[in-house]
Amino acid sequence: MQEIENMAGQAQEQMETYYPHGEIEVKWQKHWETRKTDKVVEDDTKPKYYVLEMFPYPSGPLHMGHVRVYSIGDALARFFRMKGCNVLHPMGYDAFGLPAENAAIKHDTMPDEWTQRCIGIMKGQQKRLGLSYDWDREVWTCREDYYRWNQFIFLEFHKRGLVERRTSAVNWCDKCQTVLANEQVVNGNCWRHEDTPVRIKQMPQWYLKITDYAEELLSSLDTLTDWPEGVKAQQRNWIGRSEGAMVNFKLVDRETGEAGEDFPIFTTRPDTLWGVTYMVMAPEHPKVMELVEGTEQEETVKQFVDRICLEDRHLRTAEDREKEGMFTGRYAINPLTGGKIPIYIANFVLMEYGTGCIMSVPAHDQRDFEFAKKYDIPIKVVIQPKDEELDADQMAAAFVEIGVMVNSGPFNGVPSDKGIPKVIEYLAEKGFGSGTVQYRLRDWLISRQRYWGTPIPFVWCETCGPQPVPSDHLPVVLPRNVKFGEGNPLATDAEWLKCVCPKCGKPARRETDTMDTFFDSSWYFLRYCDAQNDKLPFAKAAADYWMDVDQYIGGIEHAILHLLYARFFTKALRDCGLTSASEPFQRLLAQGMVTNKAVDPKDGKEKWLKMSKSLHNGVDPQEIIEKYGADTARMYILFASPPTKELPWNDDSIEGRYRFLNRIWRYFHMRKEAILQGMELVEKRFKMTYDEAAEGDRVLLRQTHATIQRITHDLAERQQFNTAISAIDELLNAVGKYKERDDDASAAAVYTAMRTILLTLAPFAPHLAEELWEMLGNTESIFQEAWPEYDEQWLTVETITIVAQHNGKVRARIEVPADADQETIQQLAVEHEAIHRSLEGRAPKKVIVVPGKLVNVVG
RNA sequence: GCCGGAGUGGCGGAAUGGCAGACGCGAUGGACUCAAAAUCCAUUAUCCAUAACGGGUGUGAGGGUUCGACUCCCUCCUCCGGCACCA
């Protein structure tokens, strides 16, 4: 019996060694929620700060990647609030999209119910993390009050000529049962199904003319000085600007043998125009069959085209793919030389770039060279290198460097790089062509043949064709009770399809395509500025107050997709007069992946790999929160590595953060009396000055003020949370080493240090900070308290340790007064026994003194 | 191939021209305890030497600039990410 009691006592004691994180966290979460402490309105008396984490797709429970991005955003939001900023920190859900539709079909429910349930789970966990959002601005993109503004914006874009419906080759995913934008094709496969090759289909689709903004999207990347280089480079790459000339070759007319129809091509090398020995068309070029009609080649060309067009698109255009082609039987005329040039078709020419036809200069382009060798096409040298004479028959590879133009009519002797603009000028003069710029960027295909998205606000009228839905008829509401089965349920919903043509009033049919969900996420940051507006997507004044987003945080996987689309939307909405912003995100932080050990299925070796379901290396945030609390989870994630780097998960290391918070808890309880006494003294204007302070107090207060300086810099400028947290560790260590005395100055010093620990801890571990702040008798939230300022006087020191080096190697440390002049330091160093020994009797040649740091004796 | 990023102890990482390894994890030894846990204290790059003081080497490799280089410049290697026949 006694033994049992004893054991129970021990258990009790053991429990008390850990602070009650669950209880504390739930208490403060309720407190913040009921008081709406994080609600904001525009306020011109404070500087604004807009911090935004990419809103999540509501897939259910959070994963560690979410916890990481929210911990970063929340630390910044809380820090800038304490710094006196008016902080906008919103949250919402990117709630339309295929996974919900597929899950709904699989689990025999409806996408809206499914989505709502997922949002419930996700939001509950976000609240449990203690994230300081203004929930009054929450958006769900699947709600009518959001997607009606998608439709509004779509129609605004339509008015400005930014919407186009056209038929062309599109990417189709069999698993998604819909088309995809170019950006959503990864290595020839669907971005959602990396094992499913996309198929190319000819279909009429809706496009947004992002290419109208290609130039601005490219050039204004240079203004984004606080974006990671890698993201900007990827966007530049994707936009793919290249300068060159459009040259009008002519087709040789079959009847007359004279120059007939135009045959334009794009080239970046107009300086090689005199060396063109053949032309090539893409096999799917619409003119191919027309050209070969009636020629000897008709049948073989047709077979070739059919074969190539059936090949996998990605494989066909891979760089290492064997180049294949054939003569069409037709010729073109080079406008500059009048020469007759054979036209080929080949697998490596792309229909979507330039005009789908190219000129080939085998002497000066490696691909053209290889093709010419294979099919025995003549090679003509028109650029000569400076130091050797090229002979077309002897060449083993194309000469692609800069040289001197030869066999080029009026341009002989001109250096080839200088020749490019000169030839372009000449082409323009003669009416043969003009200088032009081509982009790799394609227009954004935004229609999807699926249900769970924003209906495209158009109707089809037999008489009037496609008609935009008038804005006072918006929204076009997505029907809720639809039947899933074959294809898009909208297309089989007879009731929903019925409508009236807004132009002629006759019965019409609704457009059944919905919008790509990237449409939704391309402007949500603007909606947050004025989330409850029911007259407009957002009021311009509100957007002008809050925009740009000062700090955007999210995963690198959106380097092109979302980030390019959002930049495009901001510019297009600006041109529609809806906002003044030109760029959405001033500063971008691309956070690193959360990784854990897992066996790589590719080679069977154990590695640090991104947490994922398929690798079974995920750690559930819920379990971590239950075991250690949200504060520990957040601190660990910020402490373990810098935010842009990979975060290798370590169970022992998270224990370390938990110990740290427990240690703070214990210190406050152990030293409660001294701290309270110190607080009273400090509040009664008990003023400590450096000159009067005892040495021990000076050391502690120096550390305190240095900590404030460092953490402020780490958060405001460097966004280096790991070192900021380390600084709190160091300050706590200093308090641990501090020898307390039973006097006022000592109590004041301890209080000042402990108060600093609490205030600087608050952005990372807000619950614990609030709890201990309250324990000290404060009645207002710690987040109402101003961020501490450091006081220079405490950073001063009277003696400093100077490192004495001989030829750059540390030989000794010398103590000197902080204000010692250079001569004194120099003399002390030269006379120092260790330096003396190291000099071995030589006289010093030179002595360098770095004030406050070191002295280096050379010789 | 092109573009971007990174290479530092047993591990995560710190230091952006001035003492390399802050802080944390792990490890080792000690205190407390009947014992364990928790906590606290000490040590912890490496090699040589030692009773002790000390000394050599060291930030992917090689070169350079500098009194002094993890840090700047050049050449190269490895890893990660992106793009890749774009005429």
Side-chain angles (χ1 to χ4, degrees), chain A residues 10 13-18 186-187 228-238 240-242 244 265-269 272 280 316-321 323 346-350 352-361 365-368 370-371 438-441 556-557 559-560 590 592-593 608 636 639-642 644-657 659-660 662-663 666 710 720 722-730 732-733 736 801-813 834 837 844-859:
Chain A
Q10 282 168 0
E13 245 170 63
Q14 191 168 333
M15 277 177 71
E16 279 170 5
T17 59
Y18 298 108
V186 179
N187 293 329
E229 275 313 312
V231 173
K232 287 191 281 185
Q234 277 189 58
Q235 292 211 358
R236 280 192 196 102
N237 223 321
W238 189 259
R241 181 183 199 276
S242 57
I265 55 93
F266 173 73
T267 179
T268 55
R269 293 293 304 275
T272 63
V280 192
R316 186 190 120 196
T317 56
E319 196 175 10
D320 52 4
R321 185 75 174 181
K323 288 167 187 48
N347 61 346
F348 68 92
V349 175
L350 306 171
E352 338 53 85
Y353 190 76
T355 61
C357 308
I358 61 164
M359 66 176 214
S360 287
V361 186
D365 181 283
Q366 189 57 28
R367 287 165 306 176
D368 296 350
E370 285 164 23
F371 193 81
Q438 286 283 318
Y439 299 92
R440 210 186 74 118
L441 181 70
I556 190 78
E557 65 273 17
I560 294 174
M593 293 183 298
W608 289 102
Y636 166 68
F639 177 75
S641 76
T644 55
K645 285 189 72 172
E646 202 173 274
L647 189 149
W649 190 265
N650 182 322
D651 284 325
D652 288 330
S653 208
I654 196 166
E655 294 264 3
R657 281 304 87 190
R659 278 204 288 267
F660 172 66
N662 274 299
R663 210 169 142 216
R666 260 198 324 275
R710 179 163 163 196
Q720 185 116 325
N722 53 332
T723 48
I725 294 171
S726 299
I728 308 178
D729 276 65
E730 285 177 77
L732 190 67
N733 288 345
T801 306
I802 293 267
V803 171
Q805 297 182 328
H806 172 225
N807 290 343
K809 284 187 179 167
V810 180
R811 294 294 166 201
R813 275 157 242 274
R837 195 176 345 122
K845 282 190 203 130
K846 196 169 163 188
V847 182
I848 288 127
V849 179
V850 182
K853 293 228 164 107
L854 60 74
V855 50
N856 188 11
V857 179
V858 185

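Residue numbers start from 1 in every chain, and the chains themselves are labelled A, B, ... in the order their sequence lines are given, proteins ahead of strands.
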- Query: How close do Phe266(A) and Ser242(A) get, heavy atom to heavy atom, and via which atoms?
  - Reply: CZ-O, 3.7 Å
- Ring-face cation contact, Phe660(A) with Arg657(A), 6.0 Å cut, 45° max: yes
- Find the distance Ile265(A):CD1 to C86(B):P and express it as a whole number of Å. 15 Å
- Item | Rounded distance in Å between the P positions of G58(B) and C70(B) | 10 Å
- Message: Ignoring hydrogens, what is the shortest heavy-atom contact between Gly356(A) and Val349(A)? Give both atom names and the distance.
- Response: O-CG1, 3.6 Å
- Query: Would you say the base of A87(B) and the side-chain of Arg367(A) have a donor-acceptor pair closer than 3.5 Å?
  - Reply: yes
- Task: Just call it for Pro642(A): base, sugar-phosphate, or nothing, with non-hydrogen atoms closer than 4.0 Å on any strand.
- Result: sugar-phosphate
- Task: Please determine if a side-chain N or O atom of Thr723(A) lies less than 4.0 Å away from the OP1 or OP2 oxygen of G13(B).
- Result: no
- What stems, by residue range, does RNA chain B take part in, given at least 3 consecutive Watson-Crick or G-U pairs under 3.5 Å? B:1-7 with B:77-83, B:10-12 with B:23-25, B:26-31 with B:39-44, B:45-48 with B:54-57, B:60-64 with B:72-76
- Query: Hey, is the side chain of Arg440(A) poking within less than 4.0 Å of OP1 or OP2 on A84(B), counting only N and O atoms?
  - Reply: yes
- Query: Which whole number of Å gives the distance between the P atom of A38(B) and that of U59(B)?
  - Reply: 38 Å
- Message: Classify Ser360(A) by what it touches in the nucleic acid, base, sugar-phosphate, or nothing, heavy-atom distance under 4.0 Å.
- Response: nothing
- Task: Quick one: closest heavy-atom pair of Ser360(A) and Asp368(A), and the distance?
- Result: CA-OD2, 3.2 Å
- Task: Quick one: label Arg663(A) by what it contacts on the DNA or RNA (base, sugar-phosphate, nothing), any heavy atom closer than 4.0 Å.
- Result: sugar-phosphate
- Query: Can you find a pair of side-chain heavy atoms, one from Gln438(A) and one from Thr268(A), that are under 4.5 Å apart?
  - Reply: no
- Span that lies between the C1' atom of C72(B) and that of A84(B), in whole angstrom: 33 Å
- Query: For Lys323(A), which contact category applies under a 4.0 Å heavy-atom criterion: base, sugar-phosphate, or nothing?
  - Reply: base
- Message: Reading RNA chain B from 5' onward, which residue's closest nucleotide shows up sooner: Asn722(A) or Gly736(A)?
- Response: Asn722(A)
- List in chain and number order the residues that pass salt bridge (Lys or Arg N to Asp or Glu O under 4.0 Å) with Glu730(A), two or more places apart in sequence or in another chain; answer none if no residue qualifies. Arg710(A)
- Between Arg236(A) (CZ) and C3(B) (C1'), how many Å, whole number? 10 Å
- Under 4.0 angstrom, heavy atoms only, what part of the nucleic acid is Asn856(A) near: base, sugar-phosphate, or nothing? base
- On a whole-Å scale, what distance lies between the P atoms belonging to C73(B) and G56(B)? 30 Å
- Per nearest nucleotide of RNA chain B, the residue lying toward the 5' end, Gln234(A) or Gln720(A), is Gln720(A)
- Query: Are Phe371(A) and Phe348(A) an aromatic pair by the rule of ring centers under 6.0 Å?
  - Reply: yes
- Message: Any base atoms under 4.0 Å from Asp368(A), or only sugar-phosphate, or nothing? Heavy atoms, all strands.
- Response: nothing
- Message: With rounding to the closest Å, how many angstrom separate the P atoms on A36(B) and A22(B)?
- Response: 31 Å
- Reckon Arg666(A) has a side-chain N or O less than 4.0 Å from the OP1 or OP2 of A38(B)? no
- With sugar-phosphate meaning primed atoms plus P, OP1 and OP2, does Gly656(A) contact a base, only sugar-phosphate, or nothing at under 4.0 Å between heavy atoms? sugar-phosphate
- Query: Mind checking whether Gln235(A) and Lys232(A) have side chains closer than 4.5 Å, heavy atoms only?
  - Reply: no
- Taking only N and O in the side chain of Arg659(A), is any of them less than 4.0 Å away from OP1 or OP2 of C40(B)? no
- Message: Classify Val349(A) by what it touches in the nucleic acid, base, sugar-phosphate, or nothing, heavy-atom distance under 4.0 Å.
- Response: base
- Item | Integer angstrom distance from the P of U57(B) to that of A51(B) | 24 Å
- Classify the nucleic acid contact of Glu646(A) as base, sugar-phosphate or nothing, counting any heavy atom under 4.0 Å across all strands shown. sugar-phosphate
- G24(B) phosphate, OP1 or OP2, under 4.0 Å from Asn733(A) side-chain N/O: yes
- Task: With heavy atoms under 4.0 Å as the rule, sort Glu557(A) into base, sugar-phosphate or nothing.
- Result: nothing
- Query: Once you round it to whole Å, what is the distance between C1' of U66(B) and CD1 of Ile848(A)?
  - Reply: 9 Å
- Glycosidic conformation of G68(B), syn or anti, with 90° from 0 as the boundary? anti
